[in-house]
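All remarks here apply to the structure that follows.
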Number of protein chains: 2
Amino acid sequence: MSSEKTDTRTRILDAAWGLLESRDGPARMADIARAAGISRQALYMHFPNRADLLIATTRHIDAVKDIDARLVPSRTAETGRARLDAFVEAWGAYIPEIQGVARALMAMQEADAEARRAWADRMAAVREGCAAAVDALARDGDLAPGLSPEAATDLLWTLLSVPNWAHLTGPCGWSQADYRHAMTRLARAALVAPDG
Amino acid sequence: MSSEKTDTRTRILDAAWGLLESRDGPARMADIARAAGISRQALYMHFPNRADLLIATTRHIDAVKDIDARLVPSRTAETGRARLDAFVEAWGAYIPEIQGVARALMAMQEADAEARRAWADRMAAVREGCAAAVDALARDGDLAPGLSPEAATDLLWTLLSVPNWAHLTGPCGWSQADYRHAMTRLARAALVAPDG
DNA sequence: GTGTAAACTTGACACTGTGTCCATAGCGGT
DNA sequence: ACCGCTATGGACACAGTGTCAAGTTTACAC
């Protein structure tokens, strides 16, 4: 009953996703509407504005790509070090999947307060993941000396930011494997006590 | 002769600078013109478009704040490690001064190819500074094992990016001193061989 | 069938900001 | 007096977002 014909909302979300990930130019509201097979105005019946649509798209991607399942290895890691590695790997592998939406949302930040709030909200969730990894590290006594858990969390949160991924894989020309390897190494160097 | 009455171009640049660093909302062309005491159209006689104006503003700030002088300690450092520290410190202290223009220019990137090119250009200069520091480190044999000079340069370049500064001092709430301290430590941890 | 409500369409429009065009004015130099 | 430069004011094209109103389709109820 619920899904005999694809829900319009879902079609919109899929269309937005597709355009944002694959597109050359920017994905405008009209482009997304056309791709979803509806009129531009119908778009506004489902999402009051662009920021809301974009943020809903990230949540949609989260659901389809099952972000929670990807984080299981991190949550179930035995040691703090393993948890850190697993988190870096999971989130680092996830960034390319949301890269398009993330870029669009970040580009709106300067102009649109709504977009700012929405993106900050999403990033707060990432920070929680960082905090959990740092806590595990601290419980093992493996947190680098002179680094408070809060500072370590902020640092990891920053290292794993989307702009950093974009910079390394864009201007720097790194492959995803390069990124993954270097970021794992970097996170360890930044957070883990130098001891063995 | 040249500067008996302040050059209009300079007045524009100062106005843009002032607005961009201190402003709540976005600095539009009309705002900048008004602040410079000229008409919006006169602005376009001096700068063909917003991207050009913004990039000229960064160069203007470079000249006024004498970026070259600030980099002297880095260039004249005796050891690679000292050079790295000095570079991180100099650039890290400089970011807050250009933060406003940088944000405006970065916000245009998505939409405007001209802005993209201009900002990439400016960042290429920063990368050269990073490369010089990494080379000095490599000459001393102090570059972390398993890290090529190119990879190390890219890494440092990324760590010192404006978005990272913005993230730490914005959402993370760090002070400039916090940033300076953590970034110095982080750059060392990321690039310098663990040996003493 | 008739009625009604929801989802959707078409078309027009307001608004913002960039960039262009043009007619004109002031002013210094020759 | 004339030229050239810099500037002004006003109008306008264009893109993109968001709004509004009138009408259509569909499905479901009575």
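Smallest separation of non-hydrogen atoms from B/Ala35 and B/Leu19: CB-CD1, 4.0 Å.
Taking the salt bridge (charged side-chain N to carboxylate O under 4.0 Å, His left out) definition, one finds that A/Arg59 meets it with A/Asp121, sequence neighbours left out. Remark: B/Arg117 pairs with B/Glu114 by the salt bridge (charged side-chain N to carboxylate O under 4.0 Å, His left out) rule, at least two apart or across chains.
Listed nucleotides C/dC8, C/dG19, D/dG18 differ in distance to A/Arg40; the shortest reach to its side chain belongs to D/dG18.
Rounded to whole angstrom, the span from the CZ atom of B/Arg28 across to the C1' atom of C/dT16 amounts to 9 Å.
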For residues 40-52 of chain B, please give each side-chain donor-acceptor pair under 3.5 Å, one per line with the distance, not counting sequence neighbours.
{"unit_1": "B/Asn49", "atom_1": "OD1", "unit_2": "B/Ala51", "atom_2": "N", "d": "3.2"}
{"unit_1": "B/Asn49", "atom_1": "OD1", "unit_2": "B/Asp52", "atom_2": "N", "d": "2.9"}
{"unit_1": "B/Arg50", "atom_1": "NH1", "unit_2": "B/Ala27", "atom_2": "O", "d": "2.5"}

Expected list for residues 160-171 of chain A: side-chain donor-acceptor pairs under 3.5 angstrom, two or more places apart:
{"unit_1": "A/Ser161", "atom_1": "OG", "unit_2": "A/Thr158", "atom_2": "O", "d": "3.0"}
{"unit_1": "A/Ser161", "atom_1": "OG", "unit_2": "A/Asn164", "atom_2": "N", "d": "3.4"}
{"unit_1": "A/Asn164", "atom_1": "OD1", "unit_2": "B/Asn164", "atom_2": "ND2", "d": "3.1"}
{"unit_1": "A/Asn164", "atom_1": "ND2", "unit_2": "A/Thr158", "atom_2": "O", "d": "3.0"}
{"unit_1": "A/Asn164", "atom_1": "ND2", "unit_2": "A/Leu159", "atom_2": "O", "d": "3.3"}
{"unit_1": "A/Asn164", "atom_1": "ND2", "unit_2": "B/Asn164", "atom_2": "OD1", "d": "3.1"}
{"unit_1": "A/Trp165", "atom_1": "NE1", "unit_2": "A/Gln176", "atom_2": "OE1", "d": "3.0"}
{"unit_1": "A/His167", "atom_1": "ND1", "unit_2": "B/Thr158", "atom_2": "OG1", "d": "3.0"}
{"unit_1": "A/Thr169", "atom_1": "OG1", "unit_2": "A/Trp165", "atom_2": "O", "d": "2.8"}

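Other residues, nucleotides and ligands place more than 12 heavy atoms under 6.0 Å from the CZ atom of A/Arg127. With a 6.0 Å radius and a threshold of 12 heavy atoms from other residues, nucleotides or ligands, A/His181 has its NE2 atom at or below the threshold.
Less than 4.0 Å separates DNA chain D from at least one heavy atom of each of the following residues of residues 41-56 of chain B: B/Gln41, B/Ala42, B/Met45, B/His46. Of the residues in residues 107-120 of chain A, not one places a heavy atom less than 4.0 Å from an atom of DNA chain C.
Considering only side-chain N and O atoms, B/Thr8 lies nowhere under 4.0 angstrom from the phosphate OP1 or OP2 of D/dT6.
Remark: side-chain polar atoms of B/Tyr94 are paired, donor with acceptor, to backbone N or O of B/Asp62 under 3.5 angstrom.
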